[in-house]
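Within every chain, numbering begins at 1; the chains are lettered A, B, ... in the order of the sequence lines, protein sequences first and strands thereafter.
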Amino acid sequence: MPNRREFLNTLMRGGILAALGMLSGALVFRSRDKNSCSYGFDCSRCSKSESCSLPAAIEARQTVWQLDPAKCIQCGRCATNCVMSPSAVKCTHAFAMCGYCDLCGGYFKPGTKALDTAAEHMLCPTNALRRKFIEDPFFEYTIAEELCIGCGKCVKGCSAFGNGSLQLQVHHDRCKNCNECSIARNCPSQAFSRVPANKPSLLKTFGNESPAKVPQKGGVNA
Amino acid sequence: MNMKTGKPQFNTIRLLENISIGSAVFAVVLCVLIIVNYIQVKRADPLNTPAMSALVEKLQNDPGNEQIRQEVRTLDLLARKAFFTAQWQVRTGGYLLFISILLLVSCVKAIELMQVKLPDAPYGKPALFWENRILKRRWLVYSGAGLFVLTLLLAWLTHNDMGKDLETAGNREPQSVNRDAGSGIRDQGPGNQKPAAGNSDSVKASPDSSSNILHPASDYPSWQEVKLNFPSFRGPGGIGITERTNIPTSWDGKSGKNIKWKTAIPLPGNNSPVIWNDRIYLSGASESKREVYCIDALSGKILWTSTVDKIQGSPSQVPGVSKETGFAAPSLTTEGIRVYAIFANGDLIALDMDGKKVWAKNLGMPANHYGHSSSLIMYRNILIIQYDQRSGPAVMGLSGKTGEQVWKTSRNVKISWASPALVNTGKRMELLLSAEPCVACYDPLTGKELWKLDCISGEVGPSLAYAKGIVFSVNEYSNLSAISTGETPKVLWENNEYLSDVPSPVATDKYLFLLTSYGTAVCYDAAAGTKYWEHDFGNPVYSSPMLAEGRVYIMDKKGVMYIIKAGKEFSMLGQCPLGEGSFCTPAFTNGHIFLRGDKNLYCIGK
Amino acid sequence: MKQKIFIVAGLVLLMIVIVIMLLDLFSAKKADQSNPYDYKMGEIRKTDSTHIAYAELITIKPSLEEIHAVACGAGDRIYVAGKNGLEIFTPEGKSDGNFGFEGIASCIALDKKGNIFIGLQDHVEIFDQLGKPLRKWKSFSSESLLTSIAVSDSYIFLADFGKKTVYRCMPDGRLINRIGEKDPEKNIPGFIIPSPYFDLALGKKGELWVANTGRHSLEQFSNDGTLNSAWGEASMAIDGFCGCCNPSHFAILSNGSFVTSEKGIERVKIYSPKGEFLCIVAPPSAFIEGTRGLDLAVDSKDRIIVLDPEKKQLRVFVKKN
Amino acid sequence: MLTASATLLSTMAMAIQRFPKPEFESAYTQPQTQIPLPRGEFLAYLDVFVLFASLCLITWLVLKKRSRFWVFFMSLFSLAYFGFYREGCICSIGAIQNVSLALFDHSFVIPLSVIAFFLLPLVFTLFYGRTFCAGVCPFGAFQDLFAFKPQALGSRLNTVLGIIPYLYLGLAVLFAATGTDFIICRYDPFVGIFRFNASFGMFLFAGILLLSGVFIARPYCRFLCPYGVLLNWTSRFSRKHLSITPKECIQCRLCEHSCPYDAIDVPVTTKSPETRPAMVKKMMMLTILVPFLVLIFGYTGSRLQETFAGVDSRVKLAKEVLALSKMQDAGNKMQDDSYEIKAFKASGKTESQVYSEASAVLKKFYVGGWLFGGFIGLAIALMTGGRMLPVYRTDYVTNKGRCFSCARCTDYCPVKS
């Protein structure tokens with residue numbers, strides 16, 4: 001009787017082990033197999049080459065969350081829906097795109113006349129956007145990241161009146177890279193996606209300049 | 001560990017107990033505080049209080065007022081201070097809470113470890129196993145049943161025809177929601193400036209999109225979609241123009257340069273490839289056999305071959321055709337749902353995208369001494385057939401789904417070998433046919449004749465060209481005429497210096513490019529008819545020239561493609577031999593050309 | 001007994017957890033639409049309708065693929081130029097001829113004789129009424145982008161966005177001098193033109209006005225290049241010029257007041273000769289959001305023709321009475 | 001400049017670059033935009049290594065050392081590392097979802113580390129029982145700390161509540177496979193605490209669960225954890241499982257109430273009151289019933305497709321668009337669009353696209369509903385069946401399925417090796 005049970009157990013164990021083995025095999029080779037892309041990764045043939053992160057991701061095997069400024073409609077949910085508070089999404093300034101305007105749509109409240117740094121003119125709710133005079137009539141705008149809450153107010157202002165050099169981006173020093181991003185779940189424009197960890201930025205520049213990468217310890221998690 | 005050595009130290013334990021109780025109480029208090037604080041912060045967001053906004057309002061009304069300005073600034077400072085203190089409170093509170101709980105836990109654990117919990121055995125009898133077991137089973141069954149009933153109840157309660165709703169909604173196309181998408185498009189940040197597809201055709205209400213609302217769009221693609229493909233002879237609308245880009249300009253069939261693949265087509269046929277998405281459709285026929293082929297544009301594999309037979313009413317005798325026409329001259333057409341083919345003996349078949357026959361019929365053996373060669377074309381869900389033959393020439397519209405006749409308009413014309421053209425004049429869609437004695441225009445939806453103009457004679461082979469409201473008809477031993485279409489068509493200019501009897505002309509907004517069967521290309525001013533240049537290639541040409549990316553692609557019978565700048569001056573951009581003769585007109589996708597030679601189909605790419 | 005209470009308590013809490021999860025997962029409630037950080041675009045675009053003193057009289061739909069520049073000629077005929085061609089309309093908006101040319105017209109002007117000066121990127125081509133090419137100037141420079149042209153009795157004035165300067169030329173294209181370049185001695189601040197909108201126009205006395213958009217001001221130069229006067233202030237409020245760089249275009253009415261058009265907040269306004277805000281011609285609501293390049297022209301009856309590149313229309317505005 | 005002139009040519013291009021960067025005359029150098037990179041990939045593999053090491057260690061502690069004391073400290077370490085240091089987001093429980101999504105969606109790239117996190121504990125369990133739960137899983141360790149007054153729930157409650165994890169697992173896989181949502185992570189109770197940073201709601205959620213854990217030891221592990229289901233089943237066939245006594249049981253019954261998780265099976269020497277033929281009959285009945293059960297549950301599952309699909313954002317959007325277009329057809333103007341609608345308009349998708357997407361999802365959920373229901377039906381049938389098999393044992397033994405190998409009971413056994 002016990003021997004029989006033993007035997008059955010061993011049998012089952014073997015079965016389960018085999019199953020797990022097959023599963024893992026499938027998982028490892030599945031997303032690498034060429035069929036996972038109908039064009040066999042020949043991006044020249046593919047229409048969506050821009051949006052598709054598949055080939056890169058397959059090399060990286062690690063993905064992180066990032067949002068596509070092109071899709072962003074500044075609904076303010078990045079500020080409110082992130083599991084971190086303040087949010088891991090922060091305004092990022094693509095200086096290469098900036099026009100260094102005096103009357104900056106992202107800095108001043110609409111209807112502002114006197115262009116000074118007074119509180120009553122400030123658009124940013126946390127005063128994270130800083131303005132510095134450079135030369136007549138140019139001003140540099142920088143972001144105090146520790147203050148930015150990623151509300152996207154300045155982003156909207158900038159893209160409406162300026163070049164759209166202010167853009168929201170997930171900052172991976174702060175992002176916990178949750179298995180499921182709670183902002184992504186609530187993003188009305190599906191702007192969030194998993195991008196390869198080795199190119200974690202979707203910042204829009206005119207190609208004039210690619211943003212500098214600052215390595216640091218965050219987490220690429222399961 | 002000391003529990004093993006027995007002898008618990010009671011005073012330590014008591015101490016620990018007290019600590020734990022204390023920390024527990026502390027934790028509870030903290031919890032309450034934090035919650036209260038949280039609620040306060042939540043209720044009043046210090047960063048946009050009504051007071052603040054009111055003050056700013058006031059300030060904007062009289063900007064001079066320094067006092068208000070000061071108030072605003074002070075209030076702003078206060079607000080920020082309040083906000084950050086609140087945050088600080090929550091954070092420190094949180095940490096304190098954590099510490100106290102840590103303390104609690106560690107004390108309790110310490111107690112657990114120090115103090116042997118003496119087992120409370122031996123007590124009464126052990127639990128009654130079997131009774132319990134039966135109970136368990138029961139309970140399982142109960143809960144299972146309960147779960148089932150509950151879910152079923154839920155299932156019945158929930159409204160359960162979303163599927164259907166979506167179906168129906170999908171079918172009644174009108175882009176009501178997106179109609180005003182023009183607004184609000186551009187304040188979406190950088191990069192998103194491309195106007196939306198749905199929106200762009202709502203901005204410039206082309207007749208197609210506007211009338212879209214009347215006809216359910218479910219069972220046919222929009223004109224935009226059609227123009228993205230190459231669904232018929234000489235491209236969308238059959239006027240020899242493609243909007244595809246990144247078209248190759250050099251290749252060589254012998255060396256294989258830029259030849260992506262080449263595939264042998266089993267049966268001969270002079271019909272030209274048509275393309276929907278990634279699939280190319282061709283037909284081939286011999287005296288006895290008729291076949292339709294579907295080829296994968298990426299690999300060149302023949303995905304399926306469908307033999308066309310057992311069509312009732314199909315004549316047993318072989319149609320008399322000239323060698324140059326063959327048994328499969330008319331090109332196929334498709335609307336992405338079904339593909340349609342017609343053959344020299346009048347066999348007409350509709351296949352689904354997997355090559356299965358949907359419907360088929362025989363239109364009666366065409367009385368045509370060279371063999372029927374007018375290609376098929378599709379508008380919306382109507383398959384249009386130019387059937388100009390000796391007995392009862394007519395143009396007819398068939399339902400793509402069922403093959404039933406939607407309309408039929410008989411024509412008082414001679415036999416024609418030309419193919420129909422379908423153009424969007426900006427006011428309406430016009431179906432244009434050419435046959436002795438006239439060029440005629442029909443409404444593709446109803447078959448109603450809109451206008452006709454006697455200007456052509458002979459055995460008409462070349463199809464029509466169209467650009468910017470002008471239709472160009474040409475035929476050998478007749479003449480070349482430019483006709484302004486619309487309510488009152490009139491001949492703008494005529495010319496008979498150069499004429500064609502097989503290749504069809506193509507036109508841009510400014511130029512007309514005519515090609516004679518002997519291989520002379522001529523360029524006219526489209527509006528005025530003044531000749532800009534002519535050039536003789538020296539080889540006869542049967543395939544029709546195609547216009548792509550401002551270049552004219554002309555292939556002679558030997559399969560040499562001449563690529564010419566579509567401009568005022570003649571300039572040859574390239575001359576690419578296929579290494580195989582060809583009668584067929586090239587087809588285009590982004591970055592690729594598809595050429596059917598006498599035996600093989602070629603894919604040319606960069 | 002005590003056990004029971006504990007168990008019940010534990011179970012209740014557990015159930016609460018599960019119920020919370022289920023409710024949160026399956027509740028069909030819409031996502032929260034409140035956005036404490038909303039940037040109220042609508043607010044800015046709202047305008048006080050009492051300021052609107054003009055009404056749209058007629059709308060002309062040119063058949064050109066793109067339209068970029070508009071001008072008024074003899075008999076108040078309206079000339080619109082764009083991609084590969086030019087079209088002419090009667091004051092009533094009837095088509096009155098057209099002709100084609102190679103390239104994209106970025107600006108257009110007419111001289112007394114009715115010859116048409118068309119700025120094509122980096123050079124000027126001159127046509128007669130019927131579109132017969134008369135003369136083609138050589139390119140100013142490969143970087144040039146001519147954004148505005150004005151023709152006086154004796155000179156041609158051109159605004160070059162690429163070089164951020166204004167040329168004064170002879171009708172045959174000979175460059176006489178450049179105007180408005182930075183010059184501390186003559187205290188000329190120089191043009192700050194961040195975006196490719198750089199307009200100039202001639203006042204009724206033939207004096208030259210140039211829009212220095214980066215400074216949100218209109219500057220008046222004399223032919224030798226001395227800066228005589230300037231006005232304009234940056235503001236999103238109705239009486240100022242909004243955004244980075246405005247006015248994108250302007251024209252001058254017979255009484256010397258200015259018609260200006262802006263981008264960012266699309267609006268067409270009128271300022272007095274001294275630069276006080278007078279009234280609105282067309283409020284932002286009249287345009288598709290994001291419209292840029294509202295070129296302006298004024299005819300002898302002071303009708304204002306607004307070129308709307310987004311709607312591809314010429315929109316003629318007249319004063320309400 | 002050329003780019004600038006290009007801008008005028010087409011309004012679209014113009015919109016992309018409205019104006020170029022100014023030429024500065026002062027010695028101003030433009031700062032470079034800084035984008036912090038995520039932490040290095042290899043660290044993920046370090047985590048895998050730590051997992052493997054701690055699994056080995058805990059297994060040794062449980063099976064060889066048989067000491068609650070050390071198991072406890074081991075669990076503290078895991079709590080510290082996987083919990084507070086790695087912030088609970090490298091998680092075998094959550095990995096279920098990545099795995100199922102990866103199986104159904106080719107384009108979803110699953111990191112090798114995740115596969116490892118999914119498989120390693122299962123393999124260990126398959127040989128040595130649920131030692132993973134004993135001292136590696138941070139969730140377990142965390143709850144274990146708060147089991148102040150564990151109560152014996154009694155067999156009925158245990159069995160009935162035991163169904164919940166199956167439901168949770170089923171839903172988790174269903175939603176993950178359809179690419180809808182990762183509900184395990186969405187309702188991850190403790191991750192907020194591990195990070196000292198979460199929304200108020202999440203903290204509250206965790207608090208309640210922990211409170212219930214004071215009386216019901218490890219509530220999540222026993223009555224929620226979807227991964228627990230897998231571990232439970234693999235553990236049943238484990239080769240060498242923790243035994244209460246190192247040698248043979250002397251029936252002292254000291255351990256009888258030592259297990260806070262009701263995972264000790266008492267000896268069964270008496271015969272079943274139900275006669276064998278009766279049992280056999282019942283068994284036959286059940287086996288005949290199984291397909292039926294699977295079917296009816298499957299049916300109800302499929303009936304719930306809309307409730308399930310309602311969770312999916314694509315379907316949500318479709319619903320909203322549908323409602324909106326209905327309103328517009330009815331002629332009454334919407335006050336102003338929701339952000340979803342705004343985004344939809346900006347995206348330039350057509351309505352029919354959205355609808356077809358949604359109905360595709362709906363179809364998935366129809367099939368998924370059948371499978372989910374069937375799974376539940378099967379589970380219940382098997383559980384019932386399991387309670388019909390003949391049982392005979394003379395000793396107090398740990399229930400291989402439910403036992404977390406926390407090694408508490410060993411301390412109560414007077415028999416020492």
For D/Leu126, is it the side chain, the backbone, both or neither that has a heavy atom under 4.5 Å from a heavy atom of chain A? both
Between D/Glu87 and A/Lys176 (side chain of the first, backbone of the second, donor and acceptor by atom type, cut-off under 3.5 Å), is there such a pair? no
Cut-off 4.5 Å, heavy atoms of chain A, and the answer for D/Tyr392 is neither
D/Arg239 versus chain A, heavy atoms under 4.5 Å apart: side chain, backbone, both or neither? both
Region of D/Val99 that comes under 4.5 Å of a non-hydrogen atom in chain A: both
Which portion of D/Ser199 sits near chain A, non-hydrogen atoms under 4.5 angstrom: backbone
Residue pair D/Gln32 / A/Phe95: nearest heavy atoms and the distance that separates them: C-CD1, 4.2 Å
Using the salt bridge (Lys or Arg N to Asp or Glu O under 4.0 Å) rule, collect all pairs that involve residues 92-102 of chain A, keeping only residues at least two apart or in two chains. A/Asp102-A/Arg131
For D/Phe49, does the CZ atom sit with more than 12 other heavy atoms under 6.0 Å from it, leaving out its own atoms? no
Should A/Arg174 and D/Asn197 count as side-chain neighbours, where that means a heavy-atom distance under 4.5 Å? yes
Relative to chain A, which segment of D/Ser238 carries a heavy atom at a distance below 4.5 Å: side chain, backbone, both, or neither? backbone
Would you mind reporting whether A/Leu17 and D/Phe237 have side-chain heavy atoms less than 4.5 Å apart? no
Could you report the tightest heavy-atom contact between D/Thr33 and A/His93, atom names first, then the distance? OG1-O, 2.8 Å
If you compare all heavy atoms of A/Pro188 against all heavy atoms of D/Ala343, which two are closest, and at what distance to 0.1 Å? O-CB, 3.5 Å
Do D/Trp233 and A/Met12 have side chains that approach each other closer than 4.5 Å (heavy atoms only, starting at C-beta)? no
Donor-acceptor contact below 3.5 Å, side chain A/Glu180 vs main chain D/Phe182: yes
Among A/Cys75, A/Gly76, A/Cys187, which residue forms the greatest number of heavy-atom pairs with chain D at distances under 4.5 Å? A/Cys75
Considering all heavy atoms, the nearest A/Gln74-D/Tyr339 contact: O-CE2, 4.4 Å
Out of curiosity, D/Thr29 OG1 to A/Ile134 CD1, how far, rounded to the nearest 0.5 Å? 9.0 Å
Side chain, backbone, both or neither: which part of A/Leu23 has an atom under 4.5 Å from a heavy atom of chain D? side chain
Using non-hydrogen atoms and a 4.5 Å limit, figure out which bit of A/Ser24 sits close to chain D: side chain, backbone, both or neither. both
Should we say atom CZ of D/Phe52 is surrounded by more than 12 heavy atoms from elsewhere, each under 6.0 Å from it? no
Please report the interatomic distance NZ(D/Lys345) to CD1(A/Ile73), rounded to the nearest 0.5 Å. 11.5 Å
Does the pair A/Ser182 and D/Met202 meet the rule for a side-chain contact (heavy atoms from CB on, under 4.5 Å), with working shown? CA-CA 12 Å; A/Ser182 69; D/Met202 283 168 80; over 6 Å; no
So CE of A/Met84 and CZ of D/Arg195: to nearest 0.5 Å the spacing works out to 7.0 Å
Value rounded to 0.5 Å, distance of CD1 in D/Ile115 from CG in A/Leu27: 4.5 Å
Atom of A/Asn179, atom of D/Gly94 and distance for their closest heavy-atom approach: ND2-O, 3.6 Å
With a 4.5 angstrom heavy-atom cut-off, could you sort out which part of D/Asp188 is near chain A: side chain, backbone, both or neither? neither
Working to the nearest 0.5 Å, report the span between CG of A/Asn9 and NZ of D/Lys400. 5.0 Å
From the list D/Leu122, D/Thr180, D/Thr234, D/Asp181, the residue making the most non-hydrogen contacts under 4.5 Å with chain A is D/Asp181
